[in-house]
Amino acid sequence: MQPDTEWSDWMYDILFSMRVLVSRLHGYSPFRLVFKCKPVLPYAIARSEESLLEPEFSDEDVQEMVEELERLWTRSIVQVRQKLASTDG
């Protein structure tokens with residue numbers, strides 16, 4: 001970041017980066033889960049000959065991923081509660 005810029009000048013770039021970053025937890029980016037395809041980055045347009053906007057997942061695939069994310073979320077909440085309970089006592 002350049003010293004003469006405000007952090008808010010970088011907000012859209014930061015948000016975009018967070019949305020396309022692949023999660024280590026489940027292996028997908030938020031963008032890919034929402035739009036069912038990988039994000040098209042500027043450099044990819046010039047290098048690709050295939051259609052970049054074709055969905056990679058069926059609706060059933062997305063539903064399975066959502067269910068798995070819900071299971072992971074529930075399990076992590078239980079683990080956090082257990083850890084908090086063990087540190088309280």
Point to revise | Joint cluster assignment, L21 & F31, ILVMFWY side-chain distance < 4.5 Å | key: no

Review point. More than 12 foreign heavy atoms under 6.0 Å from CZ of R71: is that the case here?
Key: yes

**Study point:** Min side-chain heavy-atom separation R75-Q79 under 4.5 Å
**Key:** yes

Review point. Would V20 and V34 show up in the same hydrophobic cluster when neighbours are defined by side-chain heavy atoms closer than 4.5 Å?
Key: yes

Exercise for review: Specify whether Y28 and H26 have parallel, tilted or perpendicular ring planes, treating 30° as the upper limit for parallel and 60° as the lower limit for perpendicular.
Suggested key: parallel

Check your understanding: What's the spacing between E68 CD and Q63 CD if we round to 0.5 Å?
Key -> 12.5 Å

Revision key, fill the gap. dist L84:CG -> S86:OG (nearest 0.5 Å) comes out at 7.5 Å

Point to revise | L33 with V66, same ILVMFWY side-chain cluster at under 4.5 Å | key: yes

Point to revise | Interatomic spacing from CG in L69 to OG1 in T74 - rounded to 0.5 Å | key: 10.5 Å

